[in-house]
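The next block holds one structure in the form of structure tokens; read it before the comments.
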Amino acid sequence: MTITFITGANKGLGRETARRLIECGHTVLLGARNREQGEEAAAALGARYVPIDVTDDASVAAAAADVAEHEGRIDVLINNAGVHGPVGDPSALTAADARAVLDVNVIGVIRTTSAFLPLLRRSDDPVIVNVSSGMGSLALTHDPARAESHVVAPLYTSSKAALTMLTTQYAKGLKRIRVNAADPGYTATDLNGHSGPQTVTEGTDAIVALATEEPGAGTGRFVSRHGEIAWS
């Protein structure tokens with residue numbers, strides 16, 4: 001049985017990913033900061049709720065200890081938790097704004113990955129999926145035909161660019177662990193006021209594909225629901 005831990009899984013992409021992976025036969029550990037929402041989602045889906053705040057060292061360590069005690073390992077870690085931050089004119093951005101976004105979208109991934117690596121290393125086929133975005137792609141955000149080029153979201157885009165590069169470095173440096181990034185695409189979620197044209201199911205296609213690949217699939221890739229895309 002594949003054991004999968006998902007951060008930020010009480011709603012949106014995380015919750016839909018959990019639902020779909022449970023349908024695929026995974027044992028899903030639903031990580032969320034909000035206990036009430038996390039417990040509700042876990043009960044509705046048939047997952048186990050594990051409290052985790054990816055911005056808090058003690059919370060992340062406690063989550064890893066909880067999983068070590070109950071499951072003993074994980075096979076798939078999906079770093080999904082994310083925040084958007086300010087949109088529009090960047091002239092009023094503050095260091096506090098930047099810290100708030102980066103602490104979830106980049107540092108939170110590092111915090112969680114480091115804490116869960118011992119559990120992943122107990123798996124026969126360990127996988128990490130980082131939920132990134134085409135909003136962090138230089139090519140897509142400069143292509144006028146793409147929706148990504150029409151949005152000014154300085155901190156979100158910067159954090160996702162950092163996360164995609166972090167993914168390549170993990171892929172190079174972590175031996176025997178497959179590490180890839182998923183671009184959900186412009187999906188209707190709370191993060192964008194449900195403005196995206198894709199359904200939440202379409203938005204999880206790439207995440208689910210990466211989480212369910214056969215052993216030996218590639219590492220260091222950036223994948224959308226339409227296939228592999230360039231890192232640039």
Side-chain angles (χ1 to χ4, degrees), residues 1-54 56 59-82 108-132 167 170-171 174 176-182 184 189 200-219 221 223 225:
M1 181 73 72
T2 300
I3 302 171
T4 299
F5 188 92
I6 309 172
T7 65
N10 58 294
K11 62 181 181 178
L13 293 171
R15 180 170 176 150
E16 179 66 2
T17 298
R19 183 192 69 79
R20 294 182 66 183
L21 290 179
I22 289 168
E23 283 191 348
C24 291
H26 286 216
T27 294
V28 170
L29 308 177
L30 190 150
R33 179 176 57 182
N34 185 297
R35 178 174 289 276
E36 182 179 356
Q37 293 179 9
E39 289 179 342
E40 180 279 324
L45 297 174
R48 186 171 83 80
Y49 169 60
V50 179
I52 186 169
D53 178 349
V54 301
D56 182 89
S59 174
V60 173
D66 179 300
V67 176
E69 178 182 355
H70 289 90
E71 286 78 24
R73 75 168 204 279
I74 62 170
D75 302 291
V76 181
L77 171 63
I78 300 178
N79 288 306
N80 168 74
V109 171
I110 295 170
R111 227 181 241 114
T112 305
T113 300
S114 294
F116 280 81
L117 275 175
L119 295 167
L120 280 164
R121 287 183 168 129
R122 296 175 188 172
S123 171
D124 292 333
D125 182 37
V127 173
I128 298 173
V129 180
N130 292 329
V131 180
S132 190
T167 300
Y170 275 140
L174 295 177
R176 209 183 64 81
I177 299 179
R178 197 160 68 246
V179 189
N180 294 295
T189 66
V200 72
T201 300
E202 291 171 328
T204 57
D205 282 350
I207 305 169
V208 170
L210 288 170
T212 56
E213 289 180 315
E214 294 296 321
T219 192
R221 293 169 295 147
V223 178
R225 65 189 297 256

Where [X] and [Y] come nearest, the two heavy atoms and their spacing:
| X | Y | value |
| --- | --- | --- |
| R15 | A44 | NH2-CB, 3.6 Å |
| G38 | A32 | CA-CB, 4.1 Å |
| F116 | V67 | CE2-CG2, 4.0 Å |
| A18 | L45 | CB-CD1, 3.9 Å |
| A171 | V179 | CB-O, 3.8 Å |
| P51 | A63 | O-CB, 3.5 Å |

Could you tell me the separation between the [atom1] atom of [X] and the [atom2] atom of [Y], rounded to the nearest 0.5 Å?
| X | Y | atom1 | atom2 | value |
| --- | --- | --- | --- | --- |
| R225 | D205 | CZ | CG | 4.5 Å |
| H70 | I3 | NE2 | CD1 | 12.5 Å |
| L30 | R19 | CG | CZ | 13.5 Å |
| I207 | N180 | CD1 | CG | 12.5 Å |

Test item: side-chain donor near acceptor, [X] and [Y], under 3.5 Å:
| X | Y | result |
| --- | --- | --- |
| T167 | N130 | yes |
| R20 | T201 | no |
| T113 | N79 | yes |

- Item | side chain to side chain contact (heavy atoms under 4.5 Å, CB included) between R178 and V129, worked out | CA-CA 8 Å; R178 197 160 68 246; V129 180; over 6 Å; no
- How far apart are the C-alpha atoms of E71 and R122, what are their side-chain angles, what is the distance that settles it, and do they pass the salt bridge (charged side-chain N to carboxylate O under 4.0 Å, His left out) test? CA-CA 11 Å; E71 286 78 24; R122 296 175 188 172; over 6 Å; no
Looking at [Y], is its backbone amide N or carbonyl O close enough to the side chain of [X] to form a donor-acceptor pair, meaning the two atoms are under 3.5 Å apart?
| X | Y | result |
| --- | --- | --- |
| N80 | G8 | yes |
| T4 | H26 | no |
| T7 | A81 | yes |

- Query: Does CZ in R48 sit with more than 12 non-hydrogen atoms of other residues, nucleotides or ligands closer than 6.0 Å?
  - Reply: yes
- Residue pairs, two or more places apart or on separate chains, that pass salt bridge (Lys or Arg N to Asp or Glu O under 4.0 Å) and touch residues 108-118: D57-R111, D103-R111
- Could you name each residue pair satisfying side-chain hydrogen bond (donor to acceptor under 3.5 Å, both in side chains) that touches residues 207-217, not counting sequence neighbours?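 Listed by first then second residue: E213-R221.
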May I ask you to test the [X]-[Y] pair for a side-chain heavy-atom distance under 4.5 Å?
| X | Y | value |
| --- | --- | --- |
| I22 | T27 | no |
| T2 | D125 | no |
| V131 | P184 | yes |

- Task: Show the numbers, then the answer: is there a side chain to side chain contact (heavy atoms under 4.5 Å, CB included) between I78 and F5?
- Result: CA-CA 6 Å; I78 300 178; F5 188 92; over 6 Å; no
- Query: Listed by chain and number, what are the salt bridge (Lys or Arg N to Asp or Glu O under 4.0 Å) partners of R73, not counting sequence neighbours?
  - Reply: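 If we apply the salt bridge (Lys or Arg N to Asp or Glu O under 4.0 Å) test to R73, skipping adjacent residues, the hits are D75.
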- Query: Given V127, which of I74, L120, V76 fulfils the side-chain contact (heavy atoms from CB on, under 4.5 Å) condition?
  - Reply: V76
- Task: Please report the C-alpha distance between Y49 and R35 in whole Å, then the side-chain angles of each, then the deciding distance to 0.1 Å, and finally whether the side chain to side chain contact (heavy atoms under 4.5 Å, CB included) criterion is met.
- Result: CA-CA 8 Å; Y49 169 60; R35 178 174 289 276; 3.7 Å; yes
- Task: Let me see the working for I110 and Y170 under side chain to side chain contact (heavy atoms under 4.5 Å, CB included), right down to the final yes or no.
- Result: CA-CA 10 Å; I110 295 170; Y170 275 140; 3.7 Å; yes
